[in-house]
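Below, all heavy atoms of this structure are taken into account, side chains as well, without hydrogens, waters or symmetry copies. Atoms within a ligand are numbered from 1 in the order they appear, just like the ligands themselves. What you are looking at is a predicted structure, and each value in this text was computed from that prediction instead of being measured.
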Amino acid sequence: MAEKLNNYENTNRLFDKAADVIELDADIRKILKTPFREVKVELPVRMDDGHIEVFLGYRVQHNGARGPMKGGLRFHPEVDFDEVRSLASLMTWKTALVNVPFGGAKGGITCDPWQMSQRELEVLTRRFTSRMGLAWGLHRDIPAPDVNTNAQVMAWIMDQYSQRYGYTPGIVTGKPLGLGGSPGREAATGKGVSIATREAARDFDIDLKGARVAIQGFGNVGSYTGKFLHEMGAQIVAVSDASGGLFAGDGLPVTELFDHTYEHRTIEGFGQGEALSNEELITLDCDILIPAALGGVITQENANDVRAKMVVEAANSPITTIGDAILNDRGVIVVPDIFANAGGVTVSYFEWVQNIQAMTWEEDDVNQQLERIMVKAYRDVTDVMKQQSVPMRTAAFTIAIQRVADTEKMRGGF
Ligand code: GLU
C-alpha cells in the first residue's frame, strides 16, 4: 500500500481499474496508455534585473482519436513531464466523458509566476508560443488556462500565434471577451462544479439548502464554485488559498469574499472569519468538501480524517489513489475530477466553435448548453455506477475509455 507511484502511474492505475471492468484488450490498452506526442522547449527570458533565466516548457498531447487535442497550460514551480503527462491523460478521459469532440493534452512552464513581473510573464508566454506553436493548431492542439494562467496569458498566446500563422483566435480558449473569448467561459469550471455538486447531493440525500461546504483553493474555480453553491442555498463555512484559510460556522459572506478575491487575487486581508490552515480545512466537520487547487491534497495521511460526506474534485487529481481507496472504504462519496470540473473544457469547446464560425453566443445559451451536457454526463456516469456496482470515478473512466477505444479502433492505422 505504501508504494510510491509517480503521477502518470497513478492515473494509469485508475485507467486500468476501469479498463478491467470493460475487459479492454491489451493492444488498445497499450495505445491508450502511451502519450501521442511530447514536446519540451527551452525558454530563455531576460529578467527585469538584466540577467537571463532559462525556463523549461512542456506540452504532452495524450490522445487525439476523437478530435483536436485540448487542455490547459499551468505556470508552477512543480511542473514537469510526469505531472503534465498525467493531466494530459485526464483531459483525454474528461473530453470523452462529456462527449465534446476533442482529445486530451496539457502543458506548462516550470516557473513561479508570483515572483515574476507582467513583462517577464509576457516574454515567457510569447517565447513558449513561438517554440511550441509548431505542435499546435486549430485542428491539432488547442491550449487553455489552468493553474496560474488566465485570459491575459491566453491573449498573448493568441497574438503571438496569429503573428506567424494569421488571425487565429480559435488556437487558444479562455481568451478575454473582446478577443474572441466566450461569454461564460471564466465562470464555466466553477459553474460545472456547482452543477455536479447539486446533482450528486440530490442523489445522495444531502440537502444543498443549508449544506455546509468547505472549499480548498479560492482561485478561479474555487471562487466561482463558492458563489454558485451559495446561490443554490449552501453555506460556505470555510475557504482557503496559499495564504491560509477562513472559517465561519454560520457561513462566510461569499459575495463580498468573491469580490475581494477577484480584486486582490487572494483571500488575505478579507478581515472576516476565523483563521484556519489548509490542513484543518481538509478535515473540517462539513457536508461537502471541495478541493479546488492543486493535486495530491487528500492522501493516505489524512483521508481517514476527512469528515465530509461527499468530496467533489474541482481540482485535477486532488486525491491520491490510496487516499481514494480509503475514502471509498469509508463510504465517502467522491465526485471525480473528469466529471466534476469538465465545465471548463465544455465551454472551451463552445468558444472554439464560436471562433471557427466567427459568431458569438449569448451567455444564457452557453449556460443552458453547459447544464445540458453536465446533467447528461452525470446520468451516464450514475447509470454505469449502479449497473456495475463501481465507484463514480471508475464508472466515469469506463464510459470515457470505451468511447476513445471505439474511435481508435475505427480509425485504425496500426
Ligand atoms: N485546464 C482546464 C481543465 O483542466 C480547462 C482545459 C480547457 O479548457 O481546454 O479542464
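- A salt bridge (charged side-chain N to carboxylate O under 4.0 Å, His left out) with Lys106 holds for exactly one of Asp141, Asp80, Asp146; it is Asp146.
- Here is the list of ligand 1 atoms found below 4.0 Å of a heavy atom in Lys94: 3 (C), 4 (O), 10 (O).
- Remark: minimum distance from atom 7 (C) of ligand 1 to any protein heavy atom is reached at Ala144 CB, 3.3 Å.
- Contact atoms of ligand 1 toward Gly71: 9 (O) (distance under 4.0 Å to a heavy atom of the residue).
- The closest side-chain donor-acceptor pair between Asp48 and Ser117 falls under 3.5 angstrom.
- For a threshold of 3.5 Å applied to N or O pairs, the pair formed by Pro145 and ligand 1 contains at least one separation below that value.
- Contact check on Lys191 versus Glu371 returns no salt bridge, with no Lys/Arg side-chain nitrogen under 4.0 Å from an Asp/Glu carboxylate oxygen.
- Among protein heavy atoms, atom 8 (O) of ligand 1 sits closest to Ser348 OG, 2.6 Å.
- For atom 5 (C) of ligand 1, the nearest non-hydrogen atom from the set Lys106, Lys70, Glu351, Arg185 belongs to Arg185.
- In summary, Asp159 and Arg126 engage in a salt bridge, as defined by a charged side-chain N under 4.0 Å from a carboxylate O.
- Considering only heavy atoms from C-beta on, Gln354 comes within 4.5 Å of Pro183 through its side chain.
- Atoms of ligand 1 lying under 4.0 Å from at least one heavy atom of Gly72, given by number and element, are 1 (N), 6 (C).
- Atoms of ligand 1 lying under 4.0 Å from at least one heavy atom of Met91, given by number and element, are 3 (C), 4 (O), 6 (C), 10 (O).
- Cation-pi geometry between Arg403 and Trp93 is not met: the NZ or CZ atom fails to fall both under 6.0 Å from the ring centre and inside 45° of the normal.
- Of the N and O atoms on the side chains of Lys175 and Ser182, not one donor lies less than 3.5 Å from an acceptor on the other residue.
- For a threshold of 3.5 Å applied to N or O pairs, the pair formed by Asn341 and ligand 1 contains no separation below that value.
- By the criterion of a heavy-atom distance under 4.0 Å, the side chain of Asn316, and not its backbone, is placed next to ligand 1.
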